[in-house]
Amino acid sequence: AQSVTQPDIHITVSEGASLELRCNYSYGATPYLFWYVQSPGQGLQLLLKYFSGDTLVQGIKGFEAEFKRSQSSFNLRKPSVHWSDAAEYFCAVGALNTGNQFYFGTGTSLTVIP
Amino acid sequence: ETGVTQSPTHLIKTRGQQVTLRCSSQSGHNTVSWYQQALGQGPQFIFQYYREEENGRGNFPPRFSGLQFPNYSSELNVNALELDDSALYLCASSLGGGVLQGLYGYTFGSGTRLTVV
């Protein structure tokens with residue numbers, strides 16, 4: 001069965017510090033991979049996606065992620081975090097034969113301290 | 001370009017009642033997916049509608065049903081509400097299912113917060 005693991009439930013970083021959020025998936029075929037961000041009381045906003053091609057993808061708000069097939073990972077990174085980045089981050093996986101559904105991780109809550 | 005709009009934003013229902021949630025998809029999107037997000041969890045796929053037909057379903061009982069209209073808007077209906085149905089219900093639109101939603105991803109609405117008491 002497909003699954004997505006976000007090992008870090010909560011991360012705290014200082015403003016200006018670098019950030020890496022981890023995502024591991026369990027799926028046999030080539031997946032579509034996504035990172036979404038959710039602010040309190042809001043829906044999910046797409047940060048970036050991997051469909052095929054270059055395994056390092058750039059997204060909005062200065063985020064990037066790297067698809068590593070050998071490690072079944074799709075970690076999200078940002079070189080310098082801003083206070084406005086505080087939110088919940090979700091990794092999601094889909095594929096052609098998943099019945100049109102995406103599988104989401106349980107999320108990582110990011111706190112940014114001054 | 002309008003985004004995905006959902007109504008109502010909040011709703012309180014009593015166990016055993018029925019509820020209808022509504023979603024207008026983003027302009028140009030013909031596919032609508034519904035997700036349930038329980039508190040502290042990631043979204044879980046309920047079902048997807050494409051061209052007014054169900055186009056995939058997650059592990060939810062039949063009392064969760066939906067509709068899609070010719071203008072691509074959609075409804076989620078839940079019968080015989082249970083306390084565990086309390087969650088944020090998210091509607092997501094896309095240019096299609098399968099490869100297209102993989103290529104472009106979803107656009108999510110802000111959700112409907114359903115509380116069952």
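Throughout, protein chains are lettered first and strands after them, A, B, ... in sequence-line order, and every chain is numbered starting at 1.
No part of Glu88(A) comes within reach of chain B, as not one of its non-hydrogen atoms sits under 4.5 angstrom from that chain. Interface residue Gln37(B): only side-chain heavy atoms are found under 4.5 Å from chain A. The contact between Leu44(A) and chain B is made by backbone and side chain atoms together, counting heavy-atom distances below 4.5 Å. Neither the backbone nor the side chain of Ile46(B) comes within less than 4.5 Å of any heavy atom in chain A.
Follow the hydrophobic side-chain contacts under 4.5 Å out from Tyr35(B) and you reach Leu95(B) in the same cluster. Hydrophobic clustering places Phe51(A) together with Tyr36(A) (ILVMFWY residues linked when any side-chain heavy atoms are closer than 4.5 Å, directly or through intermediates). Under the 4.5 Å side-chain heavy-atom criterion for Ile, Leu, Val, Met, Phe, Trp and Tyr, Val32(B) and Phe45(B) are members of distinct hydrophobic clusters. Taking hydrophobic clusters as Ile, Leu, Val, Met, Phe, Trp and Tyr residues chained together by side-chain heavy-atom distances below 4.5 Å, Val13(A) shares a cluster with Val37(A). Hydrophobic clustering, with ILVMFWY side chains joined whenever heavy atoms are under 4.5 angstrom apart, groups Val112(A) together with Trp35(A).
Surrounding CG of Asn71(B) are more than 12 heavy atoms belonging to other residues, nucleotides or ligands, all under 6.0 Å away. Around CG of Leu83(B), the count of heavy atoms belonging to other residues, nucleotides or ligands within 6.0 Å exceeds 12. For CZ of Arg77(A), the number of neighbouring non-hydrogen atoms (other residues, nucleotides, ligands) closer than 6.0 Å is greater than 12.
The distance from atom CD of Gln42(A) to atom CZ of Phe108(B), rounded to the nearest 0.5 Å, is 13.5 Å.
Smallest separation of non-hydrogen atoms from Gly43(A) and Leu90(B): CA-CD2, 4.0 Å.
Phe34(A) has its side chain out of reach of Tyr106(B): every pair of non-hydrogen atoms, C-beta onward, lies at least 4.5 Å apart.
Here Gln38(A) is the residue among Gln38(A), Gln6(A), Gln45(A) with the most heavy-atom pairs under 4.5 Å with chain B. For the set Tyr50(A), Phe90(A), Phe104(A), the entry with the most heavy-atom pairs within less than 4.5 Å of chain B is Phe104(A). When Cys91(B), Ser33(B), Pro43(B), Gly111(B) are compared by the number of non-hydrogen pairs under 4.5 Å with chain A, Pro43(B) comes out ahead. Counting heavy-atom pairs closer than 4.5 Å to chain A, the top-ranked of the candidates Gly105(B), Ser94(B), Ser110(B) is Ser110(B).
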